[in-house]
Amino acid sequence: MPGEKKQSPSINMKHTQAVENPFPFSDDNKRYHTWNYHLRHTFGEKVAKIPLDGGFTCPNIDGTKGTGGCTYCSGRGSGDFAGPRELDVVTQLQQGRRTMAHKWGEVKAIAYFQAFTNTYAPVERLRALFESVLSEPGVVGLSVATRPDALPEEVVEYLAELNARTFLTVELGLQSVHDQTGRRINRGHTWAEFVAGYHKLADRGIRVCVHLIDGLPGEDRAMMLETARQVAALRPYSVKIHLLHLLRGTPMAREYGAGAFSLMSMEEYVQTVCDQLELLPPETVIQRVTGDGKKEDLIGPLWSLKKFVVINEIDKELYRRGSVQGIRFGQT
């Protein structure tokens, strides 16, 4: 009809996926268990995760485990989108919530201690920081990013206490199950040490989110899939899949500048992520399927800045395959 607006093919495709989607943990076109779906079905509404900088350091920086940190890690301890560390965490939280309100309106919040290693301090300091944000109105949970080798017994006991009274997730950096990769990126712990740290938490019923990075130097697709396969065997509560993105000033950026390795193309990345999603248990929540850095600091890949394009390509590839998360879970 004259003047009628034509729908784009992508909208038609999404509608088709929503009608025919065989994946049980979805109420839209997604064929994997998204964080947004999980939070909406847990709390009955939209919940925003607010990244914070609690002023921590890292045992892989101060000499306890190593120096220099992981070779990909930024000067802000991978907390580049967290609040300014010169502000107390309650102020950071309030500012972050105001920013999110422009996007989603007034919503509940999860306080996310993101920068550096957020269990690397005496319990008294952790308690003061964590309790201060949990006492804020509208805060329904806590997410704590840390390392598997920074979980002394007294800290784990406090985390178990928190877990009994709030929605707690502990995010453990792994990146790869391959110890040769861990040594190359100066990770500072082994796969076996990761598994031990994981069980300290999971055996107490604490939700664990495992961080993975695709495209690390020296790794091919088979290695990345093996990482997903071994992590899947743990049946983790959730997983974050990150794209390796290089930031200015990092040791890995210098290695890349010397021609030591290449970066993944978007097509390679999309295919790899879809393969990994097929290997992970369907009930495992996928908190992220890509990663990006601040535009002014990013060396590459520049396509990572098009986050929604990457996500859409993953959606389309799963649809093209007629596949869903977990379809190959448990297969060798």
Side-chain angles (χ1 to χ4, degrees), residues 32 60 66 69-73 78 147-149 171-198 208-236 238-247 250-281 284 286-293 299-301 303-304 310 313-314 317-318 321 323 325-332:
Y32 58 94
N60 197 27
C70 302
T71 60
Y72 57 81
C73 196
S78 295
R147 291 169 56 90
D149 54 357
E171 302 195 10
L172 287 186
L174 169 62
Q175 322 320 345
S176 170
V177 301
H178 304 287
D179 287 342
Q180 66 265 40
T181 300
R183 288 189 294 270
R184 181 166 178 174
I185 66 176
N186 197 39
R187 182 66 198 161
H189 65 76
T190 63
W191 165 235
E193 287 173 306
F194 173 87
V195 172
Y198 173 89
V208 180
C209 176
V210 183
H211 285 221
L212 309 179
I213 296 179
D214 286 338
L216 289 168
E219 292 214 346
D220 58 19
R221 189 164 166 182
M223 293 174 75
M224 297 176 222
L225 298 192
E226 184 59 23
T227 288
R229 190 175 286 109
Q230 292 200 42
V231 168
L234 297 174
R235 301 191 80 115
S238 65
V239 166
K240 282 186 176 179
I241 303 174
H242 293 267
L243 164 70
L244 175 65
H245 54 273
L246 295 180
L247 301 176
T250 60
M252 193 176 285
R254 292 191 288 274
E255 189 181 354
Y256 173 73
F261 66 97
S262 58
L263 298 174
M264 296 182 84
S265 69
M266 186 190 297
E267 182 181 3
E268 290 171 328
Y269 183 73
V270 167
Q271 294 295 323
T272 300
V273 169
C274 289
D275 288 346
Q276 291 172 319
L277 290 172
E278 290 177 342
L279 293 168
L280 292 166
T284 292
I286 309 300
Q287 291 204 32
R288 293 193 70 138
V289 291
T290 188
D292 57 350
I299 293 172
W303 57 260
S304 67
V310 179
E313 289 302 310
I314 291 168
E317 177 58 20
L318 288 173
R321 296 181 184 190
S323 190
Q325 179 184 333
I327 197 169
R328 295 194 291 139
F329 171 59
Q331 294 182 13
T332 56

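For the pair Thr290 and Tyr269, the tightest heavy-atom approach, listed with the atom from each and the gap, is CA-OH, 3.4 Å. In terms of heavy-atom proximity, Cys70 sits nearest to Arg147 at SG-NH1, 4.3 Å. Nearest heavy-atom pair, Arg235 versus Pro281, reported as atom, atom and distance to 0.1 Å: CA-CG, 4.2 Å. The minimum heavy-atom distance linking Ser304 with Gly291 is given by the pair CB-O, 3.9 Å. Minimum heavy-atom separation, Asn60 to Asn186: ND2-O, 2.7 Å. The two residues Val270 and Glu317 have their closest heavy-atom pair at CG1-CB, 3.9 Å.
The distance from atom CG of Asp179 to atom CH2 of Trp191, rounded to the nearest 0.5 Å, is 10.0 Å. If you take CD on Gln230 and CG on Leu279, they are separated by 11.5 Å, rounding to the nearest 0.5 Å. Expressed to the nearest 0.5 Å, how far OG1 of Thr272 lies from CD1 of Ile241 amounts to 10.0 Å. Note: Glu313 CD to Leu318 CG = 11.5 Å, rounded to the nearest 0.5 Å. Between the CE atom in Met264 and the CH2 atom in Trp303 there is a gap of 7.0 Å [rounded to 0.5 Å]. Here Gln180 contributes atom CD and Arg183 contributes atom CZ; the two are 6.5 Å apart, rounded to the nearest 0.5 Å.
For the residue pair Gln271 and Arg321, a side-chain donor N or O sits within less than 3.5 Å of a side-chain acceptor on the partner. Judged purely by distance below 3.5 Å, without hydrogens or angles, the side chains of Thr71 and Glu255 never pair a donor atom with an acceptor atom. A side-chain donor from one of His211 and Glu171 sits under 3.5 Å from a side-chain acceptor of the other.
At distances below 3.5 Å, not a single donor-acceptor pair connects side-chain atoms of Asp214 with backbone N or O atoms of His242. Put simply, the side chain of Ser238 never gets that close to the backbone of Ile286: no donor and acceptor are under 3.5 Å apart. A donor-acceptor distance shorter than 3.5 angstrom exists from the side chain of Glu193 to the backbone of Thr190, with no hydrogens or angles considered.
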Walk me through it: do His245 and Leu247 pass the test side chain to side chain contact (heavy atoms under 4.5 Å, CB included)? CA-CA 7 Å; His245 54 273; Leu247 301 176; 3.9 Å; yes
Steps toward side chain to side chain contact (heavy atoms under 4.5 Å, CB included) verdict (Leu172, Val208): CA-CA 7 Å; Leu172 287 186; Val208 180; 3.9 Å; yes
Using side chain to side chain contact (heavy atoms under 4.5 Å, CB included), reason through Arg229 and Gln331 one step at a time and then give a plain yes or no. CA-CA 9 Å; Arg229 190 175 286 109; Gln331 294 182 13; over 6 Å; no
From CA spacing to verdict: side chain to side chain contact (heavy atoms under 4.5 Å, CB included), Leu243, Val289: CA-CA 8 Å; Leu243 164 70; Val289 291; over 6 Å; no
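Phe329 is not listed as a side-chain neighbour of Glu278, based on a closest heavy-atom distance of 4.5 Å or more. Two residues are said to be in side-chain contact when any heavy atoms from C-beta on lie closer than 4.5 Å; Cys274 and Ile314 meet this criterion. Side-chain contact between Leu280 and Tyr32 is absent, with no heavy atoms from C-beta onward closer than 4.5 Å. Residues Leu212 and Ser176 have side chains not in contact (no heavy-atom distance under 4.5 Å, counting atoms from C-beta outward). Put simply, the side chain of Tyr72 reaches to within 4.5 Å of the side chain of Arg187, judged on heavy atoms. Side-chain contact between Lys240 and Val210 is absent, with no heavy atoms from C-beta onward closer than 4.5 Å. The shortest side-chain heavy-atom distance between Thr284 and Gln325 falls under the 4.5 Å cut-off. Met223 places a side-chain heavy atom less than 4.5 Å from the side chain of Asp220.
Within a 6.0 Å radius of CD in Glu267, other residues, nucleotides and ligands contribute 12 heavy atoms or fewer.
For Arg254, there are no salt bridge (charged side-chain N to carboxylate O under 4.0 Å, His left out) partners, not counting sequence neighbours.
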